[in-house]
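Each remark here refers to the structure printed beneath this line.
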Amino acid sequence: MATTDKTVASGPGWQVSDVICTAAAGDRPFEEEHRAFCVAAVTRGTFRYRTRQGTAMLAPGAILLGNPGACYECGHEHGAGDRCLSFHFSPAYLERVVTELPGAKRLGFTDPRLPPLPSLTPVLAEAEAARERGDGEAFEELGLRIAGAVVAAAAGPSTTARTPSRRDQKRVAEAVRLIELNAERPLSLAELAGATATSPYHFLRTFRQVAGMTPYQFLLRTRLHRAAVRLRSSDATISTIALDTGFNDLSSFNRRFRREMGEAPGAYRARRVG
C-alpha cells in the first residue's frame with residue numbers, strides 16, 4: 001500500500017499526521033490497528049473504511065473515527081488515492097475533554113465516521129490551512145478544538161456550552177496579561193492553562209467565549225500589532241523586529257503580516273508618516 005505518514009506536530013497525549021495514500025481501485029485493502037483515538041479529517045479523495053463500529057464511505061469533509069485497539073481496513077474500490085489530516089489522542093487526553101462537555105460521558109466512538117457538519121467546517125479549514133503553511137505551533141490548540149467539536153458532535157445536541165462565570169472571566173484576564181507580558185517568547189496552551197489553574201480544554205473554550213478568539217490567535221495579533229508599531233516608529237531592520245516580537249523566522253513573519261495587515265512589512269513601513 002503506497003501510503004506516506006508525516007508527523008506535522010505533536011505534544012503530550014496528542015499527535016497530528018498528514019497521511020497521503022495513492023492506492024488505486026485494483027489494490028488490495030490493507031488492515032491496521034488504531035493505537036490511540038483517531039480523528040482523521042478527509043481533505044481529498046474517497047475511500048471505504050471498515051472497523052468494528054461499522055463500514056462507511058469517506059469523502060472530503062467527513063471525519064474518520066477510531067478507537068484504541070480497534071482493527072480497521074481501508075479500500076479504494078471507487079477511486080484512487082486520498083489525503084487525511086489525522087489527529088491521534090491518548091485515552092487520558094480525550095477523557096479530559098469528555099469530562100468538560102455536559103452530556104458527553106462516553107469515552108469512545110460508536111460510529112465509524114461523522115459526515116461533513118457545518119459546526120466542524122471552520123476549525124477543519126483552519127487546520128488544513130495550518131498544514132499547508134507549515135504552522136506547527138497552531139496544532140496544539142487546533143487539536144484540542146477538534147477533539148472537543150468531534151466529541152460534542154458524536155454525543156448529540158445535548159452538549160451545550162456553559163456561560164463563563166465571573167471567575168472564568170478573571171482567569172481569561174490573567175491569561176491576557178500573561179500573553180502581553182511574554183508575547184515575544186513561545187507560550188503553549190498548557191502553560192497558559194496551568195497559570196490559571198484550569199484544564200487546557202476548559203481554558204481554551206472559556207478564552208474563546210470571553211475574548212472572541214483563541215489564545216493562539218490573540219498571541220499572534222499581539223505580536224503583529226507590536227511589530228506594526230515598531231515598523232512605523234523605529235529604523236530597526238524588519239528581520240530584527242520579527243525576531244524581537246516572537247517570530248521564529250522572517251518568512252513566517254512576512255506571510256502572517258501580509259495576511260493580517262493586507263500588505264508586506266516593507267510596504268507598510270514605506271507609508272510611514274515623516
Side-chain angles (χ1 to χ4, degrees), residues 3-22 32-45 47 49 51 58 60-70 72 74 81-98 100 107-109 112-114 116-117 119-154 186-193 199-201 203-205 208 214-217 219-220 248-249 252 255-256:
T3 302
T4 61
D5 188 330
K6 178 184 177 182
T7 299
V8 175
S10 63
W14 63 275
Q15 178 180 308
V16 187
S17 300
D18 182 20
V19 182
I20 301 175
C21 177
T22 58
E32 291 193 57
E33 179 181 331
H34 291 298
R35 297 181 180 180
F37 284 104
C38 180
V39 175
V42 183
T43 61
R44 188 182 70 208
F47 61 96
Y49 171 62
T51 186
L58 298 177
I63 305 293
L64 177 154
L65 303 176
N67 295 313
Y72 67 93
C74 293
D82 64 83
R83 188 177 187 182
C84 295
L85 194 55
S86 187
F87 293 81
H88 304 275
F89 305 113
S90 70
Y93 182 100
L94 200 64
E95 186 172 15
R96 289 192 293 269
V97 174
V98 169
E100 295 285 352
L107 184 62
F109 301 120
R113 62 123 199 187
L114 284 174
L117 296 174
S119 61
L120 292 172
T121 299
V123 67
L124 292 179
E126 287 184 50
E128 190 170 352
R131 179 190 67 188
E132 295 305 308
R133 63 177 182 260
D135 188 4
E137 290 181 301
F139 280 102
E140 181 191 20
E141 215 174 68
L142 287 168
L144 199 55
R145 290 172 60 191
I146 285 173
V150 167
V151 168
L187 279 173
S188 69
L189 183 66
E191 179 182 349
L192 292 170
S199 71
Y201 183 71
F203 171 74
L204 173 60
R205 184 181 60 189
R208 290 184 68 203
T214 71
Y216 184 62
Q217 290 167 343
L219 174 62
L220 287 179
N248 294 326
D249 59 81
S252 174
R255 185 171 61 250
R256 294 183 187 282

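What you see is a predicted model; the values in this text were computed from it and never measured.
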Kindly determine whether H88 and F37 satisfy ring-ring contact (aromatic ring centres under 6.0 Å, His included), including the steps that lead there.
CA-CA 6 Å; H88 304 275; F37 284 104; over 10 Å; no
Intermediate values then yes/no, side chain to side chain contact (heavy atoms under 4.5 Å, CB included), Q15 and F87
CA-CA 6 Å; Q15 178 180 308; F87 293 81; over 6 Å; no
Please step through side chain to side chain contact (heavy atoms under 4.5 Å, CB included) for the pair R256 and R133, ending with a clear verdict.
CA-CA 10 Å; R256 294 183 187 282; R133 63 177 182 260; 4.2 Å; yes
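Panel note: side chain D249, backbone S252; a donor-acceptor pair is recorded below 3.5 Å. Looking at E140, its side chain does come within 3.5 Å of a backbone N or O of A190 through a donor-acceptor pair.
Taking CZ of R208 as the start and OG1 of T214 as the end, the distance is 7.0 Å to the nearest 0.5 Å. Going from atom CZ of F47 over to atom SG of C84 covers 4.0 Å, rounded to the nearest 0.5 Å.
A side-chain donor from one of D135 and Y216 sits under 3.5 Å from a side-chain acceptor of the other.
Taking the charged nitrogens against the carboxylate oxygens, D18 and K6 have no contact shorter than 4.0 Å, which rules out a salt bridge. Ion pairing between a basic and an acidic side chain is recognised when a charged N comes within 4.0 Å of a carboxylate O; E132 and R255 show no such pairing.
Surrounding CZ of R35 are at most 12 heavy atoms belonging to other residues, nucleotides or ligands under 6.0 Å away. The environment of CZ in R83 is crowded: more than 12 heavy-atom neighbours from other residues, nucleotides or ligands sit within 6.0 Å.
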